[in-house]
Structure formats: structure tokens, C-alpha cells
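Reviewing the structure listed below.
Per chain, numbering begins at 1; letters A, B, ... match sequence-line order. Just so we're clear, the structure is a prediction, and the values are computed from it rather than from any experiment.
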Amino acid sequence: MTSLPLFAVLLPLACGSPPADPGQIAARIDARIDERLAADQVVAASDSEDFEFYRRLSLDLTGRIPTADETRAFLDDSSEDRRAAAIDRLLASPRHAAHFANVWRSILLPEADADRQVRYLQPGFEAWLRDQRQARRSFDGIVRDLLTVPIVGPDQPPQLVLKDLQAANPIAFIASKEADPGKLAAASTRVFLGLRMECAQCHDHPFDRWTREQFWNQAAFFSGLQRKGRGTFAPLIEDPAARSIPIMDVDAVAPALFLTGETPDAGSPASGRTALADWITRADNPWFARAIVNRVWAQLMGVGLVDPVDDFQELNPPSHPELLDELAQAFASSGFDLDLLYRGICLSRAYQRTSRLTDPSQSEARLFARANLKAMSGDQFADSLLLAAGVIEPDSAAPLTRSQDGTRRRLLDLVAAQGADGEPQTSVAQTLLLMNGRNLTGGRAPATTQTPDGGEATAEEAIEQLYLRTLSRRPRADERTLIEDYLAAAPAEGEPPLADILWMLLNSAEFQWNH
Amino acid sequence: MHGRRGMERGTLTRRGWLAASAGLAAGATSWLRRLAAATEGGPRPYRSCLLLWMAGGPSQTDTFDMKPGHDHGGPFQPIATSVPGLSVSEHLPKIAGWMDRLAVVRSMSTREGDHGRATDHLRTGYLPQGPIQFPVLGSLVSNEHGAQTGDLPHYVSILPRGLFRAGIPPAGFLGPDHAPLLVGNQGGEGSRLGVENLALPPGISSDQAQARRELLMQVQRPFLDQHPGSAASGYRTAIDRSTRLMSPAAREAFQLDQEEPGTLERYGASQFGQGCLLARRLVESGVPFVEVTLGGWDTHNDNFTAVEGLCGTLDSAWSALMQDLEERGLLESTLVVWMGEFGRTPVINPQLGRDHYPRAWSVVLGGAGIRGGGVLGRTSDDGLTVEDRPVAVPDLLATICTALGLDPQKQNLSNVARPIRLVDPSGVPIEELLA
């Protein structure tokens, strides 16, 4: 029980002097990545071109491709620090907070994808996440508030889960897990510690060293929670003194006990949830900083240093163990500052490399010799498509949530995420939608007959505008030639041929992938 | 206990199947020959699966496990069938004539009473386990058939309203190549069934469509070449599959107006009837897994009116399907499965309804690999408990796989880099049902 299963490979974070500013973090990343590339005799790909970098950065930080105007401004900026400035600018935008909320909603509340009732909780939960990020909350603070959301004591009238659809509230995490101690323990350890303990719910973990009792030790921290009634919206109460739980199907009771073997402070009047949240978010928790750093790394780099991101265990070592530790240390000692982490990774040469294969040695995604292709989430794809197709206006106001826009909702229903991890996947449903969908290009001529300053656009200008809107770059000469030949050969009747060019661009892999 | 004809049928050999399919192709119309030609040469012998999915959970007490004379029995009377001693509801008179080709399992015993979780369980064979994305049965079968070679995909789901949830890829870790092609009500004249976005938008000629598709592949060739890998090949495959699906030959498979008016009439005017007719055409064209959904079985209120109506719809469509499959020599290579996510309470509630009931309920199997004409398992006189031969979800799925000629213990690599068997290893095929 007091054995510390992972400590052979995963020590508490050392207290050296971690890289402290984004530049230092980027330098450390490149040193570690390059070291490994050299050892494996892999040639790193060249730096990305500006358009490639900016499109990737926009998708990664704000959840959609840039508008034509944003792209043009960036491409025409010749200042030395334009990339660093773009990182700062996009991190500060309200779209970044919205994208952060989408990403973490799907991690923390995956039930909303499948369960209509849980979906009612989604707007308030996303609003809460958005507010936290917009206010630059530290990540440990976000996690602590999420786990310790106040719930009334057993002698009071039970607390409603849903009072106002739109009001920011983190209680959806607990409600979506049905306030069930086992489900909450499984989700918290998986998301915040990168550990998969679900299998240990019914038996000792088959591939790992977690015991069934340890799983229930974690569940015991949530054992005071009670639903008064059935269903997702059943009101809740909590007995803050509860610290133990019966083990399923066995005649035994598990006390609340941390995975490090330590016992929570018995005299504390706070609930078990508070004790667990405090322990999870401690700077010296051996898993928390690593698990979060790894998730953010995977979001930006396409694959985690530990892959899958929630499978920290001896048989699944990190690709770059020193780098993982150093990033975790930097993150923890900054007070879990997400901006530092995003800046550090995005500034690295590893992040800014081209995704093109420039040498046959670059096939292994986990070596980061070139930028990995990333699947777009449903949200990223829907927002990018609606923007590029001219269905929504490129305003910078708060983004649409799922429930606020019918077109977006239908699109999300039709086009699921392009695969959860790894390379983008293309479905026939998505392809048919893009090839034949009536509301995307049909019936709406592309709004490119005017130049940005209001004049009548030539065909050449119109093509450039379409490229900026969809692929976030200007067309190359060889592309212009092919397109001009196509336009010249097009018959006079039928759809305007420029609509075919927009069709072609929206159907291209370059548009559909985050590359 | 088993019917005469069921006892006589054996497992089809490779030779036997090839002979049967050759006979089919010879008698088929030109489009069918073209489709058949596309799959000639390479593929192994296979069986098709036709799943009639009864969304909401159908009442076993009012269909295939009647309790006449008991308070729980309700107003419906049992009628005799083509199998002596086996009776079904009076509202299934046509299916009653096919019971010698069908096997009833009256001892389904499961644990999930929530629509979503039970649906996932019956359709994937697994209960949710953390992040593992389990594929549904149709996707598993599709995967066993490998890459699509003809114009049609391996898995088509007809009228799947509410069956697949937004954001959840039904093929799970098997990826989009094995996701179902969805066929729904396209609205408009006569509420036709069709595939969304399959037709070219108005104003786009097929010449223009082809020209711009060529432009697309030409312009992006450098990009795809510079990004080799599974994403690029998957993208090319999706474009290719979509284009083939838009071909006249493939679209013809969806055109029900090519059928005789009498055929349409036999299946019934309902959407489900049309769906079953379409399913037959797809099975004929070589699609190995087709499912058709009939919703409305969630009869918490006024169960008997609803079930009578649903049975009418079901009875015509299903019996027409059986007849057509048999006449075309396809029943021996097509497994037909009738099931929902659970049964309904034998106890009748005050609203004259029946509620969710996973503890004791029925499914029906027939056709390929199944001995028809029998009943497996028994429920108590009040219908509340299974008294003989309880069947769990993995047992049912293992039986379906075995009847289709698939090994339930075969493993696929999952999204969490762990091998997952086609069917939960606890599943044991029901030997009594297998031919």
C-alpha cells in the first residue's frame, strides 16, 4: 500500500533552476529535441514559411484559421519579432480563451458529445473556462476550483445543478460524472495526473501497478457527495466529513489515501475533495505538472512526449524524459502559468518547422523532426469552414457556441472531429459535404469581386483573395497558371467559374488539415 | 425443437458461395453486373448482415414472448406460426409464416436500462471503458472486409435518426474508412430515402464537376506529395470513395423507383418499408452490413396502440425482405437480426405503457449461419425473470460474428494501443443457434 509504484521512473520534480522565461524554455526544447535527432541521425526539416507558421498558430491558439485581412497583415509585416509578437497577440485575444474553453471542455466533459442532458451544462461550463483563461488564472487554481466547487452540507436543502443555462459555473464536471465517486476518481486521475485507473475499479490493473484498493482510495475523496434523485440535473449535497467508501462487490471499505501513500489531514473541516485538490495541485506532485505540460505539448505538437497523453506508466516511457521533466519544472515553478508554457513551446524551432517531408529520415512523429500534421477538432473545422466559405462574418467578437448558431450545429453534427489523436482523418460524409453541400458555395457567389479598398477586383486579385481566405497564403505562380487555364476554358454559362476555385480550395487537404 | 429446414442447412463452403454469387450476377440487371464485376477476382466468400434495429426497446411480451392468460400479457392474442408449438403476436401474421427460418432468443439478460448506454452496449458489445473508442458492429464487419473495392461502402445505415451521436465517430478506433454511410429521409417529394450531399448541387453539370475535381487533384498534388503518410492516403481514399458513390452505378442502387410497384407495396409505404427494400438492393449489390432503424418502441404510454401500429409496419417489411432474400438465394448468405437496446417491463404501468426492461427480453435471428424454427431460453410465467439459458450481450455478439463467419476472438489494435477483440472475451457463441 505504501509502495510508490511509479517512482522508479517518475521522481518528484527536482528543485534545480528551471528555465524561467519563454526564450529559455524554447532553447531548452530545441536543445533536447536536436540532441535526440542527432543521436538518431535524423535531419530536421527547415523553418516554416511565415504563412505556414501563422495559419498553424491561429488554429492552435484561437481555434480557427486567420481571416484574409489578418493573414495579409502578418505576411506584410517585415519586423524581426513578428512571430513572437503574433504569439503574444493571439494569446491575448478573446478567441484564445474561447478555444481553450472548447479544448478543455472536450477533455473534462466528453459526455456532452453524446448525452443531450449533459449538453445543457455545456454553455455554462465553457463560459466558466473562458472566464478563467481570460482572467489569466493559473492552471492549478482552475483545477482546484473545478474540484472544490461549493456544494451544500447534508442538513441543507439540496443544491441545484442547473439554475441558469448561460451562467458561468464549473459544477458540470461533477454533474456530468453523476457525482459518482468512482467516475470522479477515474476522470480526475486520468485528466490531471495522466493515469488510467478505470481498469483498477473492478480488479487490479492488468498492465500497470495500480491496485483495486488504490482506485477506491481515490474515490473515497469524493465519498461525501450524494445525488438527491436521478438524472444529470439531480440536486446535490455533500457530507464534508466522509473519507471512506465501500469497495464495489467486495466486503471492504477503502479510506481516502493519496497515490503517494500519504494520508490526508484528518482534522481538516474541509471536504475530501478539497484535500484531494490540494494534493493534486501541489508543486511537488509527481504527476500533475508533467501530465498538464504533456497535454499542452500534444495540443501544439501533435503528439505527446508521453503518448497517449493519459497513459503515464512504466511500460510507456516519454520520448524525451529530460525535456518532460524540465518543462514540468518550469511550469510548476512559474505557478502553473499557461502563457509561459504556450509561449515557450510556440517560440521553439521545433514548433516552427515546416510540416513538409524534406528528408526521408523524418518519418517518426515522436522525434519532432518536422511539424506533425494535426487533426482539427469539430469546432476548429466548423469555424474555419464557415469563415472561409463566407457563411459567417470574420468579426472578432466572442465566438459562437454550439447552441447559438444553427448552421454551426448542423456542421458539428455532420462532421465529427477528424480523429482524436494523430494524423487527420477524412470521412466520406465530410468529403460529400464539401463537394456537394449546397450552403457552402452554391447560391452564394464568393465575395471577392471587390478589392480590400472597394475597387472592382481583377481575376488575379480575386484568386489571391480566395487563397488568403482559405489557405491563408498567396497563390504560387504554378497554381495561378493552372487556375487561369481552367478559368479560360470554362464555359460562359453555369456557376461563375470563380466559385469553382473556392470549391477547389475548400476541398483541398491543405485547407482541411492543421499542418 | 429446431425446424426441419434449419436442420438441413449446413455451413456454406467457399465453392458454394461463389456458385451462389455467380448465379446472382447472371440473373441481375446491368448495373448489378457492373457492381459485381468490380468485386470479382479478389474477395473471399462472405456473408452479409442485415440488422433491423428497433430503437427505443421493443416489447417482448407483445411480440415474441407472449404471456397469454397472465396479468402481464396485455390484450394481444398469440397466433400459430410455421413452427408447431411456437406462437407470436397476432399483429405479426406474415412473419409468423417465416418462423421456421427464424430463431427466437427469449432469454436476453442485460444490465443497462438507459437508452444511450444500452444502445452503445448492444451495438459495440462493450461497456464504456475510459478513452477506448469501441467501433459498432457494422464497422467491425466492414473492417473484416478490408478496403472498399466496389462503388459502395461496406456498411450502410438506413434511417439512423438519433442512432449516431454528434462528435462520436461510430467506427471508433477503426477510423473513417469503416464509418457507416448514412441514408436518411431527404425530404421533398415522396420523402425519399437518400444520402446527404450525394447529388451535385443545382447548376453544376457532371462535366463541370469532373473538371473541377481534376483541377483540385492537379493543384494540390505538390502538397500531398510533400506530406506523405496515412493522412494523405486517407484523404485520397475519401475523395475516391465519395466520387465512386456519386457514380451512376452506385446511385442506381439507391433508386427504389426501379422496383415493380407490387414490390414497393409488399414492403409497405412506410419509411421503414422503403428502408428494408433499399437494404435488400444493397445486400444484392454486395454491401456486407446494412442496418435499418425502426423507432418508436419506447412505449411508456399507451403501449398497445403503438405496438400494434409498429408491428404492422414491421410485419410487411420484414416478411417481404425474407421472401425476396429467399427467392434470390440470398437468405443462406444473409444473416437477419431483429433487436433493440432492451425489452420492456412485463408489468403494465398505469398509463397502459411498459417501461425499460433489460432483465429478460427477446431478440430474433435468422438466415446465414442460423438454425431457424426454434426458441432459445425461457422466461418465467410472469415474464419477469429468465429461467433458462440466460444470454448476455457478448454472447449475442459472439453468435452474430460466428454466424457471419468471423472469429469473435480476433483482435484489432485500438486507439489506446491495446488490442481489443471483436467481441468481449466473456462472450460465448450460442451453439444451439448456429447451423
side-chain contact (heavy atoms from CB on, under 4.5 Å) partners of B/D355, counting only residues at least two apart
B/H300, B/T345, B/N349
Evaluate the criterion side-chain contact (heavy atoms from CB on, under 4.5 Å) for residue pair A/V428 and B/L245; output intermediate values, then yes/no.
CA-CA 9 Å; A/V428 167; B/L245 199 56; 4.2 Å; yes
Rounded to the nearest 0.5 Å, what separates atom CG in A/L433 from atom CD in B/E196?
7.5 Å
Around A/R476, counting heavy atoms of other residues, nucleotides and ligands shown, do more than 12 lie under 6.0 Å from its CZ?
yes
Tell me, with the steps shown, if B/Y235 and A/T431 meet side-chain contact (heavy atoms from CB on, under 4.5 Å).
CA-CA 9 Å; B/Y235 169 83; A/T431 305; over 6 Å; no
Whether A/Q425 side chain and B/G234 backbone form a donor-acceptor pair below 3.5 Å:
no
Give, for atom CD of A/E510 and atom CD of B/Q226, the distance between the pair rounded to the nearest 0.5 Å.
9.0 Å
Check side-chain hydrogen bond (donor to acceptor under 3.5 Å, both in side chains) between B/Q409 and all other residues, then give those that pass, not counting sequence neighbours.
B/R421
Under 4.5 Å heavy-atom distance to chain A, tell me which part of B/M217 shows up: side chain, backbone, both or neither.
neither
Going through the checks in order, is the side-chain contact (heavy atoms from CB on, under 4.5 Å) test met by B/M246 and A/N436?
CA-CA 10 Å; B/M246 291 163 64; A/N436 299 331; 3.5 Å; yes
Using a 4.5 angstrom heavy-atom cutoff, name the option from B/A179, B/P222, B/A211 with the most pairs to chain A.
B/A211
Measure distances from A/E479 to the heavy atoms of chain B and classify the residue's part below 4.5 Å as side chain, backbone, both or neither.
side chain
Which pair of non-hydrogen atoms, one from A/S355 and one from B/H227, has the smallest distance, and what is that distance?
OG-NE2, 2.7 Å
Which bit of B/Q220 comes within less than 4.5 Å of chain A, counting heavy atoms only: side chain, backbone, both or neither?
side chain
Is the ring pair A/W513/B/F223 parallel, tilted or perpendicular, if the boundaries are 30 and 60 degrees?
tilted
Enter the distance from A/L505:CG to B/L215:CG here, rounded to the nearest 0.5 Å.
8.5 Å
What are the two closest non-hydrogen atoms of A/S427 and B/A238, and how far apart are they?
O-CB, 4.2 Å
Nearest heavy atoms of A/M504 and B/L216, plus distance in Å:
O-CD1, 3.2 Å
Heavy-atom cut-off 4.5 Å, strictly under: side chain, backbone, both or neither for A/I501 against chain B?
side chain
Return the CG to CZ distance between A/L432 and B/R241, rounded to the nearest 0.5 Å.
10.0 Å
Taking side chain as everything from C-beta outward and backbone as N, CA, C, O, which of these in B/P153 sits under 4.5 Å from a heavy atom of chain A? Side chain, backbone, both or neither.
neither
Any idea which heavy atoms bring B/N197 and A/G437 closest together, and the distance?
OD1-CA, 3.5 Å
Within this structure, what is the CZ-CG distance for the pair A/R230 and B/D114, rounded to the nearest 0.5 Å?
9.0 Å
Identify which part of B/L200 has an atom lying under 4.5 Å from any heavy atom of chain A, answering side chain, backbone, both or neither.
both
B/T243, part contacting chain A, at a heavy-atom distance under 4.5 Å
both
